[in-house]
Amino acid sequence: MATLTLAKALNEGLRKAMENDPKVLVMGEDVGQLGGVFRVTDGLSKDFGEDRVIDTPLAESGIIGTAVGLSIRGFRPVCEIQFDGFVFPAFDQIVTQVAKMHYRSSGNVKLPITIRIPYGGGIGAVEHHSESPEAYFAHTPGLKVVTCSNPADAYWMIQQAVACDDPIVFFEPKRRYWDKAEVDTDSSPADLWSARIARSGTDATLITYGPSVRTCLEASAAAAEEGRELEVVDLRALSPIDWETVFTSARKTGHAIVVAEAPVYVSLAAEVAARVTEQCFYSLESPVLRVGGYSTPYPASRIEEDYLPDLDRVLDAVDRAIGF
Amino acid sequence: MATLTLAKALNEGLRKAMENDPKVLVMGEDVGQLGGVFRVTDGLSKDFGEDRVIDTPLAESGIIGTAVGLSIRGFRPVCEIQFDGFVFPAFDQIVTQVAKMHYRSSGNVKLPITIRIPYGGGIGAVEHHSESPEAYFAHTPGLKVVTCSNPADAYWMIQQAVACDDPIVFFEPKRRYWDKAEVDTDSSPADLWSARIARSGTDATLITYGPSVRTCLEASAAAAEEGRELEVVDLRALSPIDWETVFTSARKTGHAIVVAEAPVYVSLAAEVAARVTEQCFYSLESPVLRVGGYSTPYPASRIEEDYLPDLDRVLDAVDRAIGF
Amino acid sequence: MTEVLLPQPSEGPGFVQLLTPEGQRVEHPDYALDISDDEIKSLYRDLVMVRRIDTEATALQRQGQLGLWASLLGQEAAQVGAGRALTERDFAFPTYREHGVAYCKGVDPVTLLGLFRGASQGGWDPNENGFGLYTIVIGSQTLHATGYAMGIQRDGGDGAAMAFFGDGATSQGDVNEAFVWAGSFNAPIVFFCQNNQWAISEPVERQSHIPLYRRAEGFGFPGVRVDGNDVLAVLAVTRAALARAREGSGPSLVEAYTYRMAPHTTSDDPSRYRLAADLETWKLKDPVERVKAYLSRHGVADASFFADVSAAADELAAHVRAACIEMADPEPLSLFDHVYAGGSSLLDEERAGMAAYLASFEGESPAAAKLNVGAH
Amino acid sequence: MTEVLLPQPSEGPGFVQLLTPEGQRVEHPDYALDISDDEIKSLYRDLVMVRRIDTEATALQRQGQLGLWASLLGQEAAQVGAGRALTERDFAFPTYREHGVAYCKGVDPVTLLGLFRGASQGGWDPNENGFGLYTIVIGSQTLHATGYAMGIQRDGGDGAAMAFFGDGATSQGDVNEAFVWAGSFNAPIVFFCQNNQWAISEPVERQSHIPLYRRAEGFGFPGVRVDGNDVLAVLAVTRAALARAREGSGPSLVEAYTYRMAPHTTSDDPSRYRLAADLETWKLKDPVERVKAYLSRHGVADASFFADVSAAADELAAHVRAACIEMADPEPLSLFDHVYAGGSSLLDEERAGMAAYLASFEGESPAAAKLNVGAH
Ligand SMILES: Cc1ncc(C[n+]2csc(CCOP(=O)(O)OP(=O)(O)O)c2C)c(N)n1
Ligand SMILES: Cc1ncc(C[n+]2csc(CCOP(=O)(O)OP(=O)(O)O)c2C)c(N)n1
Ligand SMILES: [Mg+2]
Ligand SMILES: [Mg+2]
């Protein structure tokens with residue numbers, strides 16, 4: 001047992017992954033001596049050398065494109081994209097190459113690439129540093145998408161992602177990098193593809209992931225003070241989703257609210273709402289509501305808290321659902 | 001009145017747009033002397049010259065990036081992306097620059113860029129030539145997204161898009177390029193942002209767009225033979241959507257099915273399903289169903305018809321909805 | 001408007017040629033090629049075989065057996081020269097037109113045809129022959145090749161990677177990023193650009209006003225322009241570049257100066273954008289004919305040799321034709337195969353749904369099939 | 001592993017310098033600069049003003065008034081030299097660090113601070129001063145600049161575009177595509193690369209083993225390396241490049257060889273990746289000090305001149321500070337402003353929803369505010 005921040009838990013998990021398999025490489029901008037701008041790769045260069053922890057030229061398409069070639073040669077690259085807003089120069093390689101090569105090759109080529117992306121807002125940053133682009137990747141067949149919300153999951157999920165033979169986009173909730181928790185490094189981890197009941201409740205279900213899990217836990221704590229028991233489902237895997245856990249909860253409470261930072265329009269939250277409705281039609285007492293970002297570019301940081309889903313907006317939605 | 005193919009209607013519409021405004025430019029790969037691989041820009045180079053119809057170097061990020069600069073200088077570029085699968089090298093410029101510059105500049109910079117993308121499958125093509133990437137763009141605030149389904153809309157909508165001061169991604173249903181219809185070039189067009197009731201009906205609503213409109217019309221013709229009246233809503237605008245038309249129809253019939261070629265997971269169809277459910281909760285007699293592509297990369301062309309929504313899959317969904 | 005399109009000089013200092021269009025051997029100070037007549041005969045054989053595959057595929061496309069074909073006509077020497085320079089240790093990353101390289105690497109042409117027929121997306125195992133999957137998104141494979149080369153550096157392998165791409169591709173960001181990376185990591189890679197003068201309808205002058213091989217200088221490694229219709233010159237130059245890469249001296253760029261004698265693909269109509277006369281000029285530089293001229297003139301090969309090669313080519317063509325026509329369409333449910341190495345609950349659900357749906361027709365064919373709706 | 005990182009020689013043939021670090025005027029055969037002492041004084045003034053703005057902004061960040069600041073310390077000469085070479089007809093496309101160029105172009109520094117404070121995303125009107133919006137996605141603006149230059153060609157304007165970018169940016173696909181396009185269309189553009197030796201923690205050798213100015217050759221236009229800490233040399237070289245562009249002779253690349261004396265941004269900790277000793281070396285080449293040395297040594301300026309400049313700088317700093325601190329936060333509902341020129345029904349709906357939601361609190365503050373949840 002150790003008390004770790006989420007960032008440190010990722011760091012420890014990566015270290016374990018590199019120890020376990022000499023084919024694991026870490027690559028990206030500033031991941032070497034600097035240890036990454038969030039220090040998630042801190043110390044790895046020193047311990048595993050520059051051949052396994054590669055400071056790359058400043059070109060995201062290059063990072064992902066060369067990772068494809070390294071994979072064909074038998075390596076397992078873990079690519080860091082420095083911030084969510086900088087994944088787009090690599091989007092072509094991710095969507096047309098990484099996502100399709102296993103299919104294109106009839107299964108002959110495996111691309112065990114992990115693409116780490118710190119994402120989400122709330123850190124007072126400038127433009128392009130607070131995006132939530134998960135929908136783009138979840139909509140892309142051939143990719144898998146996961147996100148952690150707490151140090152223990154961070155520690156285990158990054159190792160599971162690196163060990164997975166499919167390409168995985170691994171979203172890290174950057175505003176939670178400094179959240180601390182006990183991590184039991186000896187336990188055995190939950191299935192990477194399972195959702196987690198982060199809090200049990202009976203009155204309504206909050207379906208959420210990544211940075212919004214804490215927001216939802218805080219909202220449910222506040223709701224509990226007023227006698228309302230909210231269940232919080234932390235999806236963890238965004239593609240594919242562990243639907244059974246989601247449906248079971250939604251059927252139990254009869255009310256579902258999806259909470260995420262991304263603009264709700266054509267989002268992952270839309271998928272959750274659509275599917276929960278389809279599969280739980282007769283159990284729902286109210287339509288699935290969504291609390292998320294607005295359909296605007298991510299705003300200047302001095303108003304970002306108005307943009308992001310917070311405790312009040314979540315509780316407001318709960319009120320609307322239950323009062324429907 | 002003239003009988004035009006959809007491709008020719010676009011060509012005529014572009015010609016009109018260029019005649020009306022000397023600042024309108026057409027740019028892309030092979031749009032000049034060749035007239036584009038689908039001949040949508042046929043003859044424009046000859047008539048408007050190489051300065052206004054620009055054969056560009058082979059680089060999509062370059063096409064969109066320079067279009068941004070041309071716009072700042074006061075031009076209205078119409079960019080052709082040769083095929084749906086080749087828009088991704090330009091994705092960064094579209095998502096981080098085109099979509100955000102008006103916002104970033106507090107409204108000082110207008111980017112009246114039209115990005116034309118032939119999209120969708122069913123033409124027996126090789127990889128990357130049959131994609132339906134509209135969800136990526138619809139999810140991106142700052143962009144507007146439209147698609148035509150027939151020659152008359154093609155003729156008018158392209159002119160409206162070019163005249164619009166916001167950046168618009170204009171999807172062209174390539175398998176319908178050769179569909180012919182009468183186009184009244186003297187009439188006045190419908191609002192670009194309005195959906196269209198392509199067929200009236202009472203038993204269920206098919207919500208669709210682009211290449212799938214014809215599929216849905218064929219399905220509803222078949223259904224009519226069996227005494228079932230399906231209403232077909234052609235969305236036309238995908239971002240923003242004309243919700244009132246959609247809701248009115250869904251409330252009237254009580255059953256809604258969304259039909260589109262893109263993989264349904266985290267798609268535009270998900271948004272339609274989520275929102276129709278939210279807004280028409282008590283009017284729906286069955287959950288909104290979706291008929292679309294599967295969560296696989298677009299397959300080899302010899303099985304693409306199994307992948308694409310067709311008349312039978314649409315009717316099967318109608319049966320499931322009404323029989324729910 | 002001040003835009004200018006300057007013609008690129010085809011020859012000039014550094015243009016490497018070892019066999020003239022007339023079939024005359026010439027020397028080049030930097031690229032001596034010690035080659036036996038038997039070897040030249042075997043190169044000739046490859047050139048003929050490759051051209052024959054191409055002709056057959058074009059015919060198959062016309063007959064509706066292929067959805068599309070991208071002909072290599074005119075580029076045989078560039079591809080056979082590079083393909084034969086590659087050894088088993090080396091790995092080739094092709095575009096969609098490298099049928100000649102595939103042949104030299106031992107890939108059954110029928111496999112390639114599967115893609116153009118629409119029966120697969122490629123599907124071969126790149127590691128079987130050191131020949132990557134066909135890549136249609138222009139330029140992507142150059143980064144894959146660079147990464148592969150970085151992998152060779154890291155696992156102590158002694159081969160090299162070779163990235164194929166066209167003149168048009170040199171404008172893509174990815175190709176230039178590959179140059180940056182290869183230079184930065186001093187990776188064992190050869191960039192092999194077939195400058196066939198055209199990117200669909202656009203002449204190479206739209207991409208660059210100066211010869212393409214010169215692009216390399218600015219990235220810190222050497223570039224060379226070789227007569228791409230001269231199989232000996234391409235072989236010599238590419239061998240040297242591969243040797244350089246393997247010995248740790250880093251990347252290089254080979255520009256094979258050639259001409260696309262066919263349409264871009266079978267869907268293209270070059271009469272809209274180029275003069276038939278140009279084609280005539282290039283016919284005089286035909287890559288196959290000049291080797292034949294050399295072999296004949298020097299009495300190295302006689303009529304029976306040429307007849308044998310021709311017969312072998314016909315035999316291969318017949319095999320290709322028969323195998324192509326027999327190629328079964330994939331099963332509908334195979335849609336779901338190989339999306340992931342580790343499967344996916346979402347796909348399992350979709351597959352089950354489709355299976356149930358298909359089963360519901362039980363013998364009677366769906367209405368869409370009856371109406372032939374949606375099939376174009 | 002064969003990877004090598006070669007140090008790049010800072011000087012060498014073609015390195016343009018007109019004022020030594022000691023403040024000595026020197027001549028260069030290609031770049032004669034006919035400049036009056038008054039002009040040099042005014043350049044000095046700009047250098048001091050720009051440095052002072054930077055110092056003030058760094059202080060404001062430390063005091064929590066800005067969320068972030070990207071210092072230009074050490075790059076004043078590169079920016080003032082280029083900024084002063086630009087005329088009103090010319091249009092500059094900056095990164096996020098061109099505060100000195102902004103100053104020369106007449107942009108109020110307070111506007112820039114709005115972005116770093118988090119009160120806006122920039123928000124100025126690029127057409128007001130011919131100064132584009134700050135661009136954070138590395139390299140994007142180089143394509144915008146190229147397109148703008150193509151626009152000048154098409155509307156008969158007589159200005160030029162200038163694209164600013166860093167050494168790290170040279171690895172991005174977009175920057176290389178901009179080179180391709182500028183070459184292809186012979187566009188009136190100057191690519192101005194400030195090689196400050198670092199891209200955050202990565203030395204320039206990670207991007208290229210050869211000097212960056214040489215990249216241009218391979219794209220068919222000239223490149224030149226200039227002492228980026230020498231305001232006179234930068235002015236002369238950039239003026240020449242702009243003149244070339246305006247007269248229709250096409251693009252060029254200027255590499256201003258300089259050094260980032262501050263951390264990458266206020267969030268950075270350079271002690272993790274570079275030696276303090278390097279900083280000392282570069283302090284000896286300080287861009288402001290050498291002009292002061294020249295002015296003093298030649299008796300061009302006396303103590304009162306320096307005192308005046310210093311006082312003016314303090315005054316500007318005071319203005320910047322006061323205006324920054326007073327800058328109001330945007331209204332929550334302004335979130336929805338300026339997403340589209342033509343509005344959107346979706347946004348109208350969302351705005352109305354948010355307005356109703358905010359109204360529901362009616363004076364009492366939401367729980368989130370009370371708990372201070374989510375504010376970091
Ligand atoms: C990213 C991308 N954009 C556009 C296309 C469409 N396209 C296919 S081939 C081609 C021209 C390629 O020219 P070149 O690189 O010279 O290769 P060649 O076909 O001459 O062998 C284009 C534009 C594509 N395949 N990928
Ligand atoms: C596409 C993209 N990737 C990554 C980043 C993060 N980032 C910001 S500045 C920077 C280094 C830039 O170096 P350089 O181009 O030399 O400019 P400098 O900061 O030295 O002025 C990086 C990697 C970014 N802004 N954009
Ligand atoms: Mg070509
Ligand atoms: Mg730098």
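From a predicted model like this one, the values you see are computed outputs, not experimental measurements. Protein chains get the first letters and strands the later ones, always in sequence-line order, with residue 1 at the start of each.
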Original post:
Does atom CD of A:Q33 have more than 12 heavy-atom neighbours from other groups under 6.0 Å away?
Top reply: no
**OP:** Output the distance between atom CD1 (A:I54) and atom OG (C:S184), rounded to the nearest 0.5 Å.
**Re:** 10.5 Å
Subject >> Neighbourhood of chain A inside residues 85-120 of chain C, taking heavy atoms under 4.5 Å as contact >> reply: C:F91, C:F93
Original post:
Is there side-chain contact between A:K100 and C:Q121, with at least one heavy-atom pair below 4.5 Å?
Top reply: no
Original post:
Could you state the interatomic distance from CD (A:Q97) to CG (C:L143), rounded to the nearest 0.5 Å?
Top reply: 9.5 Å
Original post:
Do A:D51 and C:Q153 have a side chain donor and acceptor closer than 3.5 Å?
Top reply: no
Subject >> Point-to-point distance, once rounded to the nearest 0.5 Å, from CG of C:L133 to OG of A:S105 >> reply: 5.5 Å
Subject >> Heavy atoms from other residues, nucleotides or ligands near CD of C:E331 exceed 12 (cutoff 6.0 Å) >> reply: no
**OP:** Report the distance from atom NZ of A:K144 to atom OG of C:S344, rounding to the nearest 0.5 Å.
**Re:** 6.0 Å
Original post:
Where on A:A59 is there a heavy atom nearer than 4.5 Å to chain C: the side chain, the backbone, both, or neither?
Top reply: both
Original post:
Is it the side chain or the backbone of C:D337 that comes within 4.5 Å of chain A heavy atoms, both, or neither?
Top reply: backbone
Original post:
Between CZ of A:R275 and CD of C:E349, what distance do you get to the nearest 0.5 Å?
Top reply: 5.5 Å
Original post:
Hey, is NZ on A:K252 packed in by over 12 heavy atoms from elsewhere, all under 6.0 Å?
Top reply: yes
Subject >> Side-chain heavy atoms of C:R154 within contact of A:L25, under 4.5 Å >> reply: yes
Original post:
Should A:Q93 and C:D174 be marked as a side-chain hydrogen bond (donor to acceptor under 3.5 Å, both in side chains) after you check the CA-CA gap, both sets of side-chain angles, and the distance that decides it?
Top reply: CA-CA 9 Å; A:Q93 283 285 349; C:D174 272 13; 2.9 Å; yes
Original post:
Where do A:T66 and C:F185 land on the side chain to side chain contact (heavy atoms under 4.5 Å, CB included) test, with the steps shown first?
Top reply: CA-CA 11 Å; A:T66 56; C:F185 294 101; over 6 Å; no
Original post:
What residues of residues 131-143 of chain A sit under 4.5 Å from chain C when you count only heavy atoms?
Top reply: A:P141, A:G142, A:L143
Original post:
Does any heavy atom of chain A fall under 4.5 Å from the side chain of C:I152, the backbone, both, or neither of them?
Top reply: both
Subject >> Spacing of A:D242 atom CG and C:L346 atom CG [to the nearest 0.5 Å] >> reply: 12.5 Å
